[in-house]
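The structure appears below as structure tokens.
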Amino acid sequence: MTSPSSAGESVFDPSRSYKVLVCDLIGLKLGEDGKPDPSEARAYIESRGGVFHFGAIGDAGPLQPGVLHFFYQPDLSTAAELLAAAGEGQYDAVIAAATFLPAETVFPLGGVRIGAGTGNMGSLSWGGGGGEGGAAPLMNTPGINSRATAQMAMKAILKVLPDLPVETLHTLTSGGDFDTGRQLRDYPTEKLEGKTIAIIGYGNIGRELAKLARAFGMRVVVHARAHHRKWIESEGFVYGDSVASAASGAHVLSVHVGLGSLDAATGRYANAGLIDETVLSMLAPGAVLVNYDRGELVDVDALANALASGQVRHAAIDADLFKNAATGELTGPMVPYLRLVEHHPDRLELLPHAAADTDHPSRVAGAKQAIDQIYDAIRTQTVTNLKGTLPEGYRSAGSKIPDGIGAVTVQHLLDLCHSGSEAAQLESLLSELADRWRAIASASDDKRRAVIEANGEDLISGINHLSRFIETMGLRAPYRS
């Protein structure tokens, strides 16, 4: 196997072929054959000079040298299947989404996870799911599905808040069994505006959900590490200095922090059980819990007690569930929640980690970015969106996320300066607004009303244009140097 040498020095060998395993779907819309269609990602691979293969290496015949060959096997699932396919270094690199890669799988030139979390990327080629160690780089595609996940979390909230029983009223109305004047008073509800949502985590998903909740008029409290406080408050959200304080009095709690580091001695993740009895007890009675992150983040016994007491009226959980086709055995972090269904069938909504993984445009965009990152890692030993430590012989190209998601960086501002019309527009808007406000603020008391009448309409119009420009250019965000 070819290995990188010094950072920035290409060791790409045009006399050999490079093999990349794709072990998850890279297109979710159904094609004419009724199966998920990977054609968009396939076309992208081919546009870059690569070759797309359906099936394994053994089915491909002789491989063209000097080319990246992508082997599409989205049905690989069990540890045994993955070890048989990739336990002896048959592939140089891998692209995955939800499939769990056992530690014994070997990918000497790297791996990319479509999405943010890399807990499923267990190969020791890069030191496991945290990417801490190993000779190969571990990468992800953060932000790709952040908006899709946040929107699905908001959908879970809107299913129960406001708490108008829509299905009941539909049944009565469609059956002609309702009188608006006499019966509507029996269904009082409260709008979402003014309710408090506690969001745990200020990553891409947590921040996108905070923006959505604010659009509905909710009071948004965010808990994250202390260095985020400045930016949380700068965006108009309330900072909670602990999980419990953020949850205090909240009508909705949504968690987006990831599992954290794995303790090798205990086999337990740092954030497992983060949402415990203490946190749940701080919520407003009858609150809604949303966990569209990792199933392990919630103490299921504490949740069972909170559902039984009415402290939590509804819980929406999205977590992996795997079923052994031969034995029917269920595994995965969703399993502990299944025992709650018998006692609280109408107060749970359980999804099989579908919220982030069912949006076709996000999956295709993530696949294309993963393809680019694999190309860079193999051809130039350049790593984008590194997770964990940078292996010897590679250089980091920093991060890449979709526009408008995540932090504003030095590069964003450099790009804006070089953008021509956008740079000029921002300068013009800021200058005009400063001039108009200066005229108002500096006017004497007896003349200020007249100055406002002369400038007020253009001032507010300019403020609206500036606000829209800031949103469009992705400048309303934390800053990262």
TODO: Run the ring-centre check on Phe100 versus Phe322 and record whether the distance is less than 6.0 Å.
DONE: no
- [ ] For the pair Thr99 and Leu82, evaluate side-chain contact (heavy atoms from CB on, under 4.5 Å) and give the outcome as yes or no after the intermediate values.
- [x] CA-CA 9 Å; Thr99 297; Leu82 287 154; 3.6 Å; yes
Open item on the list: Under 6.0 Å from the ring centre and within 45 degrees of the ring axis: does the NZ or CZ of Arg229 meet both conditions for the six-membered ring of Tyr239?
Closed with: no
- [ ] Mark yes or no: Arg294 above the aromatic ring of Tyr269, with NZ or CZ under 6.0 Å from the six-membered ring centre and no more than 45 degrees from the axis.
- [x] no
- [ ] I would like to know whether Asp376 and Val383 meet side-chain contact (heavy atoms from CB on, under 4.5 Å); could you show each step before the answer?
- [x] CA-CA 7 Å; Asp376 290 344; Val383 178; over 6 Å; no
Open item on the list: What verdict does the side-chain contact (heavy atoms from CB on, under 4.5 Å) test give for Leu426 and Leu466, after you've listed the backbone C-alpha separation in whole Å, the side-chain angles of each residue and the deciding distance to 0.1 Å?
Closed with: CA-CA 8 Å; Leu426 179 59; Leu466 178 62; 3.9 Å; yes
- [ ] Show the numbers, then the answer: is there a side-chain hydrogen bond (donor to acceptor under 3.5 Å, both in side chains) between Arg113 and Thr118?
- [x] CA-CA 6 Å; Arg113 197 258 163 161; Thr118 54; over 6 Å; no
- [ ] Report the residue from Lys155, Lys159, His314 that forms a side chain to side chain donor-acceptor pair (under 3.5 Å) with Glu349.
- [x] Lys159
Open item on the list: For Phe107 and Trp126, take the angle between the two ring planes, folded into 0 to 90°, and tell me which bin it lands in: parallel under 30, tilted 30 to 60, perpendicular over 60.
Closed with: parallel
- [ ] Among Val22, Asp24, Thr141, find the one that has a side chain to side chain contact (heavy atoms under 4.5 Å, CB included) with Ile114.
- [x] Thr141
- [ ] Give the intermediate values and the outcome of side-chain hydrogen bond (donor to acceptor under 3.5 Å, both in side chains) for residues Gln411 and Asp415.
- [x] CA-CA 6 Å; Gln411 190 61 49; Asp415 291 344; 2.9 Å; yes
Task: Arg468 CZ: over 12 foreign heavy atoms closer than 6.0 Å - done: no
Task: Crowding at CD, Glu190 (>12 non-hydrogen neighbours, <6.0 Å) - done: no
